[in-house]
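In this text the structure is predicted, and so the values were computed from the model without any measurement. Excluded from the calculations below are hydrogen atoms, water molecules and symmetry mates; all remaining heavy atoms, backbone and side chain alike, are included. All residue numbers refer to positions in the sequence shown, counting from 1.
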Amino acid sequence: MADCDSLKVPFFRASIGKDDEEAVLRVLHSGWLTTGKEALAFEQEFAAKVQVPYALAVNSNTSGMVLAMEACGVKAGKAVITTPYTFVSTAACARLLGADVYFADIEKDSYSIDPAAVEKILSSDKGKNVAAIVPVHIGGNVCNMDALMALAKKYNVRVIEDCAHSFPSPTHLGYAGAIGDIGVFSFYVTKTITTGEGGMVTTKDEALAKHMQSMRMHGMDRTTWDRYTSPRASWEYDIIAPGYKYNLPDMLAALGRSQLAKADEFDRRRKQHVQRYSAVFRTMDFIKLPPDGEGNAWHLYLLRLDLSKLRCDRNTFAKELQTLGVGISVHFIPIFHFSYWQGLYPDFNAQNFPNAEQHYNETISIPLFPDMTDDMVDFVIRSVAAIGEKYHA
């Protein structure tokens with residue numbers, strides 16, 4: 001990977017302003033640094049934004065996925081269905097709980113899990129073990145939730161949305177993350193808003209919310225803020241289960257609140273860059289434009305190459321972009337490429353997931369962040385065009 005300092009256009013740069021700095025300093029000067037009133041306010045503001053009654057701040061999307069799966073009965077003897085085209089944590093969370101993972105290929109023309117492939121699993125002998133479907137909204141483009149929710153109802157399973165890429169993502173049913181039983185968001189540094197590290201779990205189900213709130217903090221029946229601010233003695237609490245330590249501290253929550261207030265402006269700027277990219281890329285016959293369904297949050301711009309028009313592979317094209325000074329990434333290496341998963345499931349390979357493998361071999365993620373300038377966008381476009389001309393078949 002090229003040194004970030006040598007790049008003319010970095011793959012990503014977080015949009016951090018004076019207001020963000022002041023929010024963090026406010027907490028540092030308050031005398032309360034762990035989970036408290038800032039985290040509570042962040043939860044309330046995020047819940048209002050995505051139109052759900054319950055939101056729980058956590059220290060990562062991964063932590064939130066563990067909480068969500070545990071609350072939905074994912075455990076030894078059970079399984080989840082998810083996509084191989086995702087970051088490995090989506091599936092790893094189920095394994096951490098002792099459950100199996102059944103993988104469904106993605107759609108031929110998108111990066112989203114294929115509902116038909118999901119139903120093939122649910123209708124098989126494996127289906128009786130499935131506790132939840134876990135769709136992933138890759139790049140911010142929302143999966144076919146109508147079809148997936150219909151399957152969940154038909155086969156009586158839960159739906160846990162991996163929304164790491166999909167904030168803010170309004171759809172005709174509400175926000176992505178407010179459709180299934182639970183939605184889990186990420187505020188990692190490269191996401192559409194950031195707390196550096198962090199995440200949020202959302203649900204409309206009060207029982208699920210109460211269970212996850214307790215499991216988030218060692219299985220306690222009281223939050224830390226309540227223990228130290230209410231008249232009731234701080235040492236009086238019960239442990240209802242062996243829980244986790246997944247809370248988000250106030251310093252990060254304060255940054256999250258500041259970022260949340262700018263989420264729509266960040267979204268507007270990213271979409272401006274997307275429009276400029278797509279206006280030019282659609283004229284290039286060696287590029288397939290990213291899928292753009294209803295409610296797309298445009299977290300990533302997934303540049304898909306038509307290799308039949310080029311005399312090079314994806315890796316060569318990517319390295320050429322880096323040489324020119326464009327920061328790139330690849331989303332994602334399908335999980336079946338990793339040795340742990342190959343050893344766990346012998347039939348888990350590229351041959352059985354042709355769509356995921358083809359998308360992987362053809363896709364490069366190019367820079368997309370709010371603070372990109374027009375010159376940066378133009379430089380990326382010129383670089384892609386130059387490499388395409390160099391290797392055009």
Side-chain angles (χ1 to χ4, degrees), residues 14-17 19-20 23-24 26-27 34-68 71 137 140 142 145 159-171 173-206 208-217 223-226 246-268 270 295 297-299 370:
S15 299
I16 301 296
D19 50 347
D20 299 308
V24 174
R26 181 178 70 242
V27 175
T34 187
T35 305
K37 63 180 181 180
E38 291 286 345
L40 179 61
F42 187 28
E43 291 173 343
Q44 293 170 340
E45 291 161 6
F46 194 86
K49 178 66 174 175
V50 302
Q51 304 170 21
V52 295
Y54 307 105
L56 301 172
V58 290
N59 57 15
S60 71
N61 169 276
T62 302
S63 298
M65 290 298 293
V66 172
L67 286 175
H137 305 304
V142 181
M145 292 305 298
V159 175
I160 302 168
E161 296 179 69
D162 187 334
C163 302
H165 293 185
S166 63
F167 178 80
S169 186
T171 72
L173 293 174
Y175 278 80
I179 301 169
D181 294 279
I182 301 175
V184 188
F185 296 82
S186 173
F187 306 134
Y188 181 64
V189 66
T190 60
K191 297 305 189 288
T192 54
I193 65 171
T194 187
T195 58
E197 296 279 0
M200 192 75 73
V201 182
T202 62
T203 185
K204 298 177 182 178
D205 188 309
E206 182 179 11
L208 289 175
K210 287 183 175 179
H211 180 81
M212 290 187 292
Q213 182 179 55
S214 176
M215 293 298 287
R216 176 182 58 175
M217 181 62 83
T223 66
T224 303
W225 181 246
D226 175 69
Y246 288 164
N247 57 299
L248 187 73
D250 266 12
M251 281 189 292
L252 302 189
L255 177 57
R257 293 182 68 195
S258 179
Q259 289 270 300
L260 181 62
K262 299 181 284 187
D264 289 339
E265 174 61 15
F266 291 165
D267 183 64
R268 183 188 68 80
R270 284 195 313 278
W298 283 107
H299 164 53

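Judged by distance alone, the side chain of Glu161 and the main-chain N or O of Gly180 form a donor-acceptor pair under 3.5 Å. Between the Asn247 side chain and the Arg216 main chain, no donor and acceptor come within less than 3.5 Å of each other. Under a 3.5 Å cut-off, the side chain of Lys204 and the backbone N or O of Ala178 do form a donor-acceptor pair. Between the Ser186 side chain and the Gly199 main chain, no donor and acceptor come within less than 3.5 Å of each other. One N or O on the side chain of Thr194 and one on the backbone of Tyr188 form a donor-acceptor pair closer than 3.5 Å.
The distance from the CG atom of Leu260 to the CZ atom of Phe46 is 7.0 Å, given to the nearest 0.5 Å. Note that NE2 of His165 is 8.5 Å distant from CG of Asn61, once rounded to the nearest 0.5 Å. For the atom pair His299 NE2 and Lys191 NZ, the distance stands at 4.5 Å (nearest 0.5 Å). The distance from atom CG of Asp205 to atom NZ of Lys210, rounded to the nearest 0.5 Å, is 10.5 Å. For the atom pair Leu248 CG and Glu197 CD, the distance stands at 10.5 Å (nearest 0.5 Å).
In terms of heavy-atom proximity, Gly295 sits nearest to Val142 at O-CG2, 3.9 Å. Of all the heavy atoms in Asp250 and Ala39, the pair that sits closest is OD1-N, 2.9 Å.
In this structure, the side chains of Thr192 and Phe266 stay at 4.5 Å or more apart for every pair of heavy atoms. Between Val159 and Ile179, every side-chain heavy-atom pair lies at or beyond the 4.5 Å cut-off. Looking at Val27 and Leu255, their side chains never come closer than 4.5 Å, going by heavy atoms from C-beta outward.
Counting only residues at least two apart or in different chains, salt bridge (Lys or Arg N to Asp or Glu O under 4.0 Å) contacts with residues 174-184 comprise Arg158-Asp181.
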Could you list the donor-acceptor pairs under 3.5 angstrom formed between side-chain atoms of residues 48-57 and any protein atom two or more places apart in sequence or on another chain?
{"unit_1": "Lys49", "atom_1": "NZ", "unit_2": "Asp264", "atom_2": "OD1", "d": "2.8"}
{"unit_1": "Lys49", "atom_1": "NZ", "unit_2": "Asp264", "atom_2": "OD2", "d": "2.9"}

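Not a single side-chain hydrogen bond (donor to acceptor under 3.5 Å, both in side chains) links Thr203 to another residue, sequence neighbours left out. Taking Asp267 as the reference, Arg270, Lys271 meet the side-chain hydrogen bond (donor to acceptor under 3.5 Å, both in side chains) condition, with sequence neighbours excluded. For Asp20, the side-chain hydrogen bond (donor to acceptor under 3.5 Å, both in side chains) partners two or more places apart in sequence, or in a different chain, are Ser258, Gln259, Lys262. For Gln44, the side chain to side chain contact (heavy atoms under 4.5 Å, CB included) partners at least two apart in sequence or on another chain are Leu40.
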Audit row: Phe187, Phe42, ring pair (Phe, Tyr, Trp, His ring centres under 6.0 Å) steps and yes/no: CA-CA 12 Å; Phe187 306 134; Phe42 187 28; 5.4 Å; yes
Could you walk me through whether Ile182 and Met212 pass the side-chain contact (heavy atoms from CB on, under 4.5 Å) test, one step at a time? CA-CA 11 Å; Ile182 301 175; Met212 290 187 292; 3.8 Å; yes
